[in-house]
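For reference, the structure is listed below as structure tokens.
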Amino acid sequence: MMDERIRTLTDQIVGQFKRLGYDVNADEVYKRLKLLIHEFKVPESEAVRTIRNWLMKEYEIPREKLIAEAPLVKIADITKPGQWISVKAKVVQLWDSSSPSVSQVGLIGDETGIIKFVIWAKSGKGEVEEGKSYLFRNVVTDSFQGRMQINVTRTSEIIELDEDIPLPPREIEVVGALVAIQQNSGLITRCGICRRVMTKGICPIHGKVEGFEDLRIKGVVDDGENVYEIILNEENIKKLTGIDLEKAKRIATERLDRNAVLSELKGRLLGRYLKVKGTRGGRYLIVSDVEFLRGVDREEVDRLLEEVSA
Ligand SMILES: [Zn+2]
């Protein structure tokens, strides 16, 4: 019987060498991988490295060639689509993906910038975690709606790093009105396995599993010049409204309606002026701190503006 995982790893290795111009024996790679992983219990990444080294010797491939294949670049230097690159970066935000063809989507960053990443489901790549740093090896750059992103494909590799990749050093401060709060905000349920947002008790990946409640807001801040998409977590929401997860659960229970939490948060936050500190990545602002701009709300500003123009 064919082992799916070994098959995937084999395809990956064979594909990588094919792009270098070498037709390696897939059966041989498969057999050796299976032996290393199943018989000798060598960890996957170690087994892959071993096979790769063996192939390089076997086909007399200079090491520079393999490294040259996907050069290590900084995020700020990713400007063209269709480039095969490697990137060392920290996962700064994971988003919900409603598409079954997408395994994970979100933002990664290094000290030069932040960029969107997509791990395609058929790439068969392991899951990444927020806050952890990885080497994204042999990924391909792409442009979607005029913005750059990286795609993790079958031939890519994701290797967790011990080092902590720093984010861009300069935090910015945005003062603007919270002009929108998107769906899937308020009291949400996350999958107990992967933390994805569940809809009616169903995780898009794991189906009907045990979940846990969380509080968050996906919103849009407009400072008059730019709009920024932000995500506020429980801590941010508590700071602004006094509503934490426990209180949110109580609101939902008392009013027999989970959506009551979202209504409550909208009532307290929509149109209010916020001072948001964070790191900018394209149209996203990774929030590190948020507070109200005291004494100002949108209606008041609108009224003042009307008075001025009258
Ligand atoms: Zn799940």
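Note that ligands are numbered from 1 as they come in the structure, with each ligand's atoms numbered from 1 the same way. FYI, the numbering just counts along the sequence from 1.
- F212 belongs to no hydrophobic cluster, as no Ile, Leu, Val, Met, Phe, Trp or Tyr side chain comes under 4.5 Å of its own.
- Aromatic ring centroids of F117 and W95 lie 6.0 Å or more apart.
- When only modelled atom types and interatomic distance are considered, T189 and R258 share a side-chain donor-acceptor pair under 3.5 Å.
- Salt bridge R255/E264: present, at least one basic N to carboxylate O contact under 4.0 Å.
- Salt-bridge check for K125 with E157: failed, with every basic side-chain N at 4.0 Å or more from each acidic carboxylate O.
- Listing protein N, O or S atoms at distances below 2.8 Å from the Zn ion (ligand 1), with waters left out, gives C191 SG, C194 SG, C203 SG, H206 ND1.
- E130 has no carboxylate O lying under 4.0 Å from a charged side-chain N of R195, or vice versa, which leaves the two without a salt bridge.
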